[in-house]
Amino acid sequence: MKSAYLNKVLETVKARNPGEPEFLQAVTEVLESLECIVEKHPEYEANGIIERFVEPERFVQFRVPWVDDSGKVQVNRGFRVQYNSAIGPYKGGLRFHPSVNASVIKFLGFEQILKNSLTTLPMGGGKGGSDFDPKGKSDAEVMRFCQSFMSELYRNIGQFTDVPAGDIGVGGREIGYLFGEYKKITNRFDAGVLTGKGLSYGGSLARTQATGYGVCYFTQEYLKTVKNESFAGKTCIVSGSGNVAQYAAEKATQLGAKVVAMSDSNGYIYDPNGINLPVLFDIKQRRRARISEYAKEVPGSEYHENCRMIWSVKADICMPCATQNEIDVKEAEMIIANGAIGVFEGANMPTSLAATEMIRKAGLLFSPGKASNAGGVATSGLEMSQNSMRLSWTFEEVDARLKGIMEGIFHNAYDASVECGAEGNMVVGANVAGFLKVADAMLAQGVV
Ligand code: NDP
């Protein structure tokens, strides 16, 4: 980076947050993108905007004790970062996964500020979670954990303060238990306090599908605008097999593509005939089983250990929808060698900085998750609107709004890349477009 101001901010962030590689990765990427605007806006430095932007407004860590089915006491760690509330109440998911720590939560919360700004809805950035692993736990254990987690989190959230949702390891079941406990503690049916709720108690149609569908709507607009292409007749890899991956695969298939590979953290499946989605949904949603089951049930498909080798499969469209840094240099080399058209992120930060650079230099299209996966939080915003109005929109109505928002995000980010002299660089475009609105609001609100 050439900017002395940005370098100084980055050095301070590094010194203050040692041992937090994911967080530093996310901040580095964003600050590099902002280089093209800081000179034009001396008021940012004069008002310490970027110094404040990289520092969370609040970071809460708490003990989560719970009793397992054998009667033994277990202790996990809970987190919530309330990163930036300049444009609305904090908003962002909860992740339950053994890899969760302060670095992961802060990187996710930081990215969320820009993502939420890109949706054009009034939502600030936050994120939370725990190192609890729901895998292999009984329903009763998951419920007791969620109740204990909420018995502390409840004092930090609210429809005008902070509105959590799901993420890795937190789906409809967990949101239900969390909402039930919040209602019991506060004695309020406060539907707007969580999103991703079930349809019978304030949820929105199409929220479950929204992130995955949104990735495809974004990708469709990107392909059409810059290549006059579409999903029709293309082969796709969708890594992961959770909420985002399942519905990205479903929408890509509906749009005429063939999804040939999916994965979980143990390995990947390859099905040259196109993944049979009803079988996959049954394995993952109903049985909560491993993806290896698929190859036992679908003739002609194969299962391979080592999920990272999913990128060795030849395909036109790559949609990483599992977790951070799943595509590093080795995986990027395979994607480029296989002649893919592009990488369209469904997960948060699934591509390392070095791999992003390689993919872009090789001329592939590349969309950062904060732009292409914003459909989930956008539809959470629509769920909040419906809760406030005490109305429910139809699936088609929510889906149409989602599609419009994703197309808008694409064009907003693309136009920002042009204004920055980096036409087509969607990393720069998304970071700049998201940042400008937040910075304006921060300037207007004074030093807080
Ligand atoms: P789920 O828990 O539903 O699914 C996660 C999937 O990724 C599973 O297949 C899981 O495999 C796999 N996975 C998780 N950790 C790893 C790992 N360390 N290595 C390899 N595979 C892994 O989560 P979501 O689908 O909700 O989230 C996926 C990604 O999308 C995350 O990056 C999340 O932050 C992002 N995202 C999610 C949104 C949402 O609305 N849910 C919104 C925007 C972004 P296994 O079952 O074996 O663990």
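Note that the coordinates shown come from a computational prediction; the quantities given were computed from them, not determined experimentally. Just follow the structure's listing: the first ligand is 1, and inside any ligand the first atom is 1.
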For this session: Give a yes or no on whether Lys183 atom NZ has more than 12 heavy-atom contacts from other residues, nucleotides or ligands under 6.0 Å away.
Result: no
Exercise. Considering the options Phe62, Tyr154, Tyr182, Tyr177, which one meets the ring pair (Phe, Tyr, Trp, His ring centres under 6.0 Å) requirement together with Phe149?
Worked result: Phe62
Seminar exercise, completed: Ordered by chain then number, the protein residues lying under 4.0 Å from ligand 1 by heavy atom are Arg95, His97, Lys115, Lys135, Asp167, Ile168, Gly169, Arg207, Thr211, Gly240, Ser241, Gly242, Asn243, Val244, Ser263, Asp264, Ser265, Arg290, Cys307, Cys321, Ala322, Thr323, Gly346, Ala347, Asn348, Asn373
Exercise. Could you give all pairs that pass the side chain to side chain donor-acceptor pair (under 3.5 Å) test and reach residues 401-413, with sequence neighbours left out?
Worked result: Glu221-His411, Lys403-Glu407
Exercise. Which of these, Thr161, Asn156, Asp162, sits in a side-chain hydrogen bond (donor to acceptor under 3.5 Å, both in side chains) with Gln82?
Worked result: Asp162
For this session: For a ring pair (Phe, Tyr, Trp, His ring centres under 6.0 Å) with Tyr222, tell me which candidate from Phe231, Phe344, Tyr217 qualifies.
Result: Phe344
Exercise. Any chance CZ of Arg52 has more than 12 other-residue heavy atoms, nucleotides or ligands included, within less than 6.0 Å?
Worked result: yes
